[in-house]
Amino acid sequence: MKTLEELRAIREKMEGILQVRLADSENATSTDNCRYHVLVCGGTGCTSSDSQAIIDNLEAELKEQGIEKEVAIVKTGCHGLCAVGPIVVVYPGGTFYTRVTPEDAKEIVDEHLKNGNRVERLVYTETNEGTEAIKKAYRETTFYKKQHRIALRNCGVINPEKIEEYIGTRGYEALGKVLTTMSPDEVIQTILDSGLRGRGGAGFPTGLKWKFASGNRGNVQKFVCCNADEGDPGAFMDRSVLEGDPHVVFEAMAIAGYAIGSNQGYIYVRAEYPIAVERLQIALKQAREYGLLGKDIFGTGFDFDIDLRLGAGAFVCGEETALMTSIEGNRGEPRPRPPFPAVKGLFGQPTILNNVETWANIPQIILNGPEWFASMGTEKSKGTKVFALGGKINHTGLVEIPMGTPLRTVIEEIGGGIPNGKKFKAAQTGGPSGGCIPAEHFDIPIDYDNLISIGSMMGSGGLIVMDEDNCMVDIAKFFLQFTVDESCGKCTPCRVGTKRMLEILDKITAGKGTMQDLDELEELAYYIKDNALCGLGQTAPNPVLSTLRYFKDEYIAHIEEKRCPAGVCKALTSFYIDAEKCKGCTLCARNCPVDAIEGSVKVPHVIDKEKCIKCGTCMDNCKFGAISKR
Amino acid sequence: MKKSGVPFNGTKEQEKQLLDVIEELRDTPGCLMPIMQKAQEIYDYLPYEVQKIISDELGVPMEKVYGVATFYAQFNLNPKGTYKISVCLGTACYVKGSGPILEELEKQLGIHDGECTNDGLFSLDTCRCVGACGLAPVLLVNDDVYGRVTVEQVAEILNKYR
Amino acid sequence: MGNVTLKINNVEVSAPEGSTILEAARLAHIEIPTLCFLKEINEIGACRMCVVEVKGARTLVTACVYPVSEGMEVFTNTPKVISSRKKTLELLLSVHNRDCLACVRSGNCELQQLCKDLGVEDSGRYDGEKPETKIDDSAAHMVRDNSKCILCRRCVAACEKTQGIGVIGANNRGFKTYIGSAFDLPLADTSCVSCGQCIAVCPTGAIYEKDFTDQVLEVISDPEKYVVVQTAPAVRAALAEEFGAPIGTNAEGKMAAALRRIGFDKVFDTNFAADLTIMEEAHEFLDRVQNGGKLPLITSCSPGWVKFCEHYYPDMTENLSSCKSPQQMFGAITKSYFAEKMRIPKDKIVVVSVMPCTAKKFEIGREDQAGAGLADVDIALTTRELARLIKKVGIKYNELPNEEFDNPLGEYTGAGVIFGATGGVMEAALRTAVETLTGEELKELNFTDVRGTEGIKEATYHVADMDVKVAVASGLGNARTLLDKVKNGEAEYHFIEIMGCPGGCVNGGGQPQVPGYVRNTVDVRKLRASVLYDLDEHATIRKSHENPEIKKLYDEYLGKPGSEKAHHLLHTTYVKRVVNQDLED
Ligand SMILES: Cc1cc2nc3c(=O)[nH]c(=O)nc-3n(C[C@H](O)[C@H](O)[C@H](O)COP(=O)(O)O)c2cc1C
Ligand code: SF4
Ligand code: SF4
Ligand code: SF4
Ligand code: SF4
Ligand code: SF4
Ligand code: SF4
Ligand code: SF4
Ligand code: SF4
Ligand code: FES
Ligand code: FES
Ligand code: FES
């Protein structure tokens, strides 16, 4: 492709086809003569619950019925609601099917695609706590309605393996605009004006980063990198973008290449994301074939190409200098800064690195203008943010919300509240680098600075909800165990210090802690924050500090009362049988793996605490709720 | 040095594949990791003999190759089982109880995290978030994903592969 | 580049742009403690000992790598800084085998010193799990004991960057990180060349040479044995440091006196053998030039370099001079010429050498190093071991008079003594070769082009109608660069001197360890080399072929350089080695 006209021609053709999927209207039509567009999720979650077989069955069935030309089957990226996957959406109308099995394919074809009747039993029913169950069209569900999708705008809408579909949603138009009508400095100014901050964790202004690397264009080799290492356990925003909309990353990187004067990009992607890697490879091939990457893009003389590099299972490689060290073929150990990557980065050359979600915002900012972007969000945090909701929440999944949305909205409305009527205890953001937001801050508008001010951080967007059954000391221990496992081992404070903190937590959860240990823990925590070489170590103590700040009473209960209030820490938990409730059915005794339960038929049973290994089997088995854990 | 542990069964074809990969990538900047990743695809793990080929061919000290191999969780120095079991210990799965599932697997297989059963059938590892948190707790057997796994299902899952 | 002005502890300092806080602080006479930092080769900011507060910075910063900037305000004296450094030490101690009383580095250990300076009170404060460690004593020359390792990686940098070898490095990650070789191969099975540069830079007792001082005392006390000691040129340039003298102090006289008091039967000088080496090597060179032999000729007196050549350039071993190293020549002559002259049965003679070098421990066990039918040298000590021996025996080194070496094998020339510095062998050889070729007396004996601590030096001399092109390299990383050029045909030489250690033997792996903060500020190699050039300058005889004892040796015993007898005693052969061994079944 050498001209913008060629691009426009493809877009115009595709727009007609795609319009049917962009609204939930029953009257929407498509210019491809298909009566229906059936979108089947091909994200990691749905693929692992067999969505490919759904596609295969749908196609076979359509063929059998001879209507394969009237229906388009579209394999999309992740829709965000993986918990209820596999997801199938039928347009026009946006009928939202969830938990579809391959066996359901026939019914969908027979009923819906042939006869125009929804398969009611498969239609998604909202499970918001306290509200009535209602069936709504895809975009009308509370899960989607409150979202504002910019980074995720194409996820679940287009087929990521077809570059034309991306072009049909104005893909590569921003690149064309930049190359033909803007100077590199104007591009940087636009990004600066938009107020976009990095979505990978630290929230550094993206435009500023580009500006630092923009000097001496054309005279030095520079690199543009994409951080697709997404290591935060429990987060998958970047994965979804890569799986659902890979071209947006290429387009954005090429724009940055033009802005700073670089012709080579690298995407460092987690090897644990095979689907994302495959889609990137397919997309890369297509983009090169279309001349949207490579030499002389749009005939403007601008060259830009991209190389994929796979991570190999080291969380620390998400840290920018470690990522570059890793691309260079070394142990992914961070380097001291300065020199900053903008001055001396990959292979010693000026380099910019941005997160996948950050990249996904760029083309939209170029197309819609910085003011458009800056009009969303809060004073210092513009635009939207994608979060991966997880833990004790009804709608586990991926949501994109305007900055400044209150936590309560995210959890109670979009997230559908906490299951089983349990009480919200805290939300954890920022993963192993972050902290907890306790109930007292439930109404906090989520943005970079607010989260920092309460001792947490935005991080890359993991948002794990915890209820009364979660032990906060255990959670702190979990995150610390993670950082201890993932520490690169280069610097002393992190290599040895975090291990010592973990040992103290182990001691506390084993009921052997002392109040002095808490002081020691805190002292070590602040020391590590101040002294560690890289962000991993510097933030590793955060989960501990934040739980100490908001849930000190739980720590104290572990230490002084030798009790785990949530009943999680095994050493501190015991199982009891309530003699009043026990019917003497013997079920528990028969299932106890260590024969710790004594009692005869119809006589209340008793647990021998010496023998009990606290496996919890008895409690799960008792039909009379006679067994409890304290 | 004397050989130790599992005997190396690399074939000439595998060696040729590896040499081809090295030839193709040797001029790419930072080619060591991509070569090691390909080598692991070819051999399934990176024993001495394989690292020696990489070291000799690239003129990179073998210690450097080994240092990289032992840094990243993805590289294996020992062969894995026919069925590689991987329990997700990511946040979502952990919160939903993947810890007990790991314990159950260890109990049933008689091996610990990172080990392989004597008959070479199963190896057990843990991982962090496979991106299927909605299905938490999750475990993988090779490419099969099992979601919403309960301790009771463990035996059943294992039996599928026995 | 201009200067920037900053404040350190509220004192204004002006420092060159691009300097680090560490350097700027030094200008203000403030020493910031360091552990992992080695200028140019290990600027990794890993240990966090050197942290300081910088106004406006989010965290503490590491002075060793953090550049200064205009108006910067640095504090090295705040309670936060001091307590942080202390905590770093305490954490290191929690994974450290704190056996100072039985540690070879006690007294000059950088870790121990810092603990003392910072006032660590409870060395077990953070005790907890310790990573498992093993001791590797497989190599002939040294022992690695990771229980004393603080993971500063100075050894790794020395081995990989300075020496271009990289047989040790960081393995595993996180708390389990340790320094080791690939697949934990015993060092003896790797391509380690025994140079000991890793020992020289290690701040702790985690790497040390194998100690043979007790064996020496044993043979000395054995009335059946006649124990002869030889000391290499570079030893005298550094030994005094072990007794508190500044770097660059000449120890020759006191050393001879100490050796005598330890109880050696004869106190000889390897310098004598250095002169002998020149005789043989210059002859070999002229022979190769005149008879179309393999060129360039490359010196072979550095066993670290020789082993490197065998592993990494096996096809160039023919370029190596067949001359044994001075240490070995000395042993061969002692057990033949000297034994016969003194009428001592050669098997009663024990030759002990004192060397700046750990590779010499390997060399004495090499194949084809038994000129007189017995091992040329029996025990090779390092300079550090000699110092230890002196202390062990209780000799008051600093009170010793200056004494002379014994005759006949203690006589040496200025040419022999400069062997200990890079370029020295070349210069000594040129003095003899040029005079032999031209038959005229040299007017200028100082070949300054090949002097100095630069890694690679080149020169062309016009001698008897021929342009003799020479090159000198020290440090094996530099040797690699030079040899690759030769191999690729980018450069052509007639004669090359290569020394395994950067700067030559004065900076050998067996020399007194100089703490990082000194290494980073003074050029140890240059200071020590100056001792040797001084001795040369003041020597009455400065050319090997004019050494009267050498002349006598040829007249009475060997005949001519390159004679059959000389060949038998003084020349050797090489083996081809590989970088990575095959596994045996
Ligand atoms: C230990 C550690 C892990 C990180 N992991 C990631 C990651 O997985 N993905 C990511 O985009 N950024 C990660 N970051 C942040 C990056 O270092 C870097 O700030 C970011 O990629 C820059 O892009 P942005 O400005 O677009 O956010 C991590 C940082 C640290 C310290
Ligand atoms: S803080 Fe941790 S991860 Fe970062 S460099 Fe230090 S040891 Fe490595
Ligand atoms: S918790 Fe487990 S071990 Fe304890 S009594 Fe119940 S079933 Fe038995
Ligand atoms: S299962 Fe429940 S009711 Fe039955 S014996 Fe046990 S405690 Fe009693
Ligand atoms: S290395 Fe240093 S601190 Fe450690 S035992 Fe030896 S002397 Fe003591
Ligand atoms: S310092 Fe004290 S404890 Fe240590 S050796 Fe001397 S006398 Fe003994
Ligand atoms: S002795 Fe030399 S070659 Fe051997 S490990 Fe030490 S530095 Fe490397
Ligand atoms: S062995 Fe010595 S030099 Fe090497 S890392 Fe350990 S302490 Fe540092
Ligand atoms: S340069 Fe000197 S000290 Fe170093 S290995 Fe060679 S002979 Fe030994
Ligand atoms: S993978 Fe299908 S909704 Fe996420
Ligand atoms: S945490 Fe297990 S799949 Fe994400
Ligand atoms: S970090 Fe500066 S000396 Fe180690």
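Please read all numbers here as calculations on a predicted model, not as lab measurements. Chain A is the first sequence line, chain B the second, and so forth, proteins listed ahead of strands; every chain is numbered from 1.
Within a 6.0 Å radius of NZ in Lys380(A), no more than 12 heavy atoms belonging to other residues, nucleotides or ligands are found. Shown here is Tyr526(A), whose OH atom has no more than 12 heavy atoms of other residues, nucleotides or ligands within 6.0 Å. The 12-atom threshold is not exceeded at CD of Glu379(A), counting heavy atoms of other residues, nucleotides or ligands nearer than 6.0 Å. Heavy atoms from other residues, nucleotides or ligands lying under 6.0 Å from OH of Tyr312(C) number more than 12. The 12-atom threshold is not exceeded at NZ of Lys512(A), counting heavy atoms of other residues, nucleotides or ligands nearer than 6.0 Å.
The shortest non-hydrogen separation linking Asp530(A) to Lys80(C) is OD2-CE, 2.7 Å. The minimum heavy-atom distance linking Gly45(C) with Leu533(A) is given by the pair O-CD1, 3.3 Å. For the residue pair Lys87(C) and Leu524(A), the shortest heavy atom distance occurs at CD-CD2, 4.2 Å.
There is no contact between Arg85(C) and chain A, counting heavy-atom distances below 4.5 Å. The parts of Phe175(C) that come within reach of chain A are both its backbone and its side chain, each placing non-hydrogen atoms under 4.5 angstrom from that chain. When heavy atoms are compared at a cutoff of 4.5 Å, Glu53(C) does not approach chain A at all. Interface residue Glu333(A): only side-chain heavy atoms are found under 4.5 Å from chain C. Heavy atoms of Lys176(C) lying under 4.5 Å from chain A are absent altogether. At a 4.5 Å heavy-atom cutoff, Arg335(A) makes no contact with chain C through either its backbone or its side chain. Looking at Thr59(C), both its backbone and its side chain come within 4.5 Å of chain A, counting heavy atoms on both sides. If you measure heavy-atom distances from Ala314(A) to chain C, the contacts under 4.5 Å come from both the backbone and the side chain. Neither the backbone nor the side chain of Leu35(C) comes within less than 4.5 Å of any heavy atom in chain A. Using a 4.5 Å cut-off between heavy atoms, Ala57(C) makes no contact with chain A at all.
With hydrogens and angles ignored, the 3.5 Å screen pairs a side-chain donor or acceptor of Arg500(A) with a backbone N or O of Glu129(C). Judged purely by atom type and a 3.5 angstrom limit, Arg48(C) has no side-chain atom pairing as donor or acceptor with the backbone of Pro493(A).
For the options Glu503(A), Lys490(A), Gln538(A), Lys529(A), heavy-atom pairs under 4.5 Å to chain C are most numerous at Lys490(A). Chain A forms the most heavy-atom pairs under 4.5 Å with one residue out of Ile150(C), Val61(C), Asp127(C), Asn172(C), and that residue is Asn172(C). With respect to chain C, the highest number of heavy-atom pairs below 4.5 Å among Cys494(A), Pro334(A), Ser487(A), Gly497(A) belongs to Ser487(A). When each of Pro131(C), Cys152(C), Gly128(C) is scored by its heavy-atom pairs under 4.5 Å with chain A, the top score falls to Gly128(C). When each of Ile44(C), Val65(C), Leu92(C) is checked for heavy-atom pairs under 4.5 Å with chain A, Ile44(C) comes out on top. Ranked by heavy-atom pairs under 4.5 Å with chain A, the list Ser83(C), Cys36(C), Ser94(C) is led by Ser94(C).
Inspection of the Arg495(A) and Thr177(C) side chains reveals no N or O donor paired with an N or O acceptor under 3.5 Å.
Put simply, OH on Tyr527(A) and NZ on Lys86(C) are 13.0 Å apart, with the number rounded to the nearest 0.5 Å. Remark: Ile528(A) CD1 to Leu91(C) CG distance equals 7.0 Å, nearest 0.5 Å.
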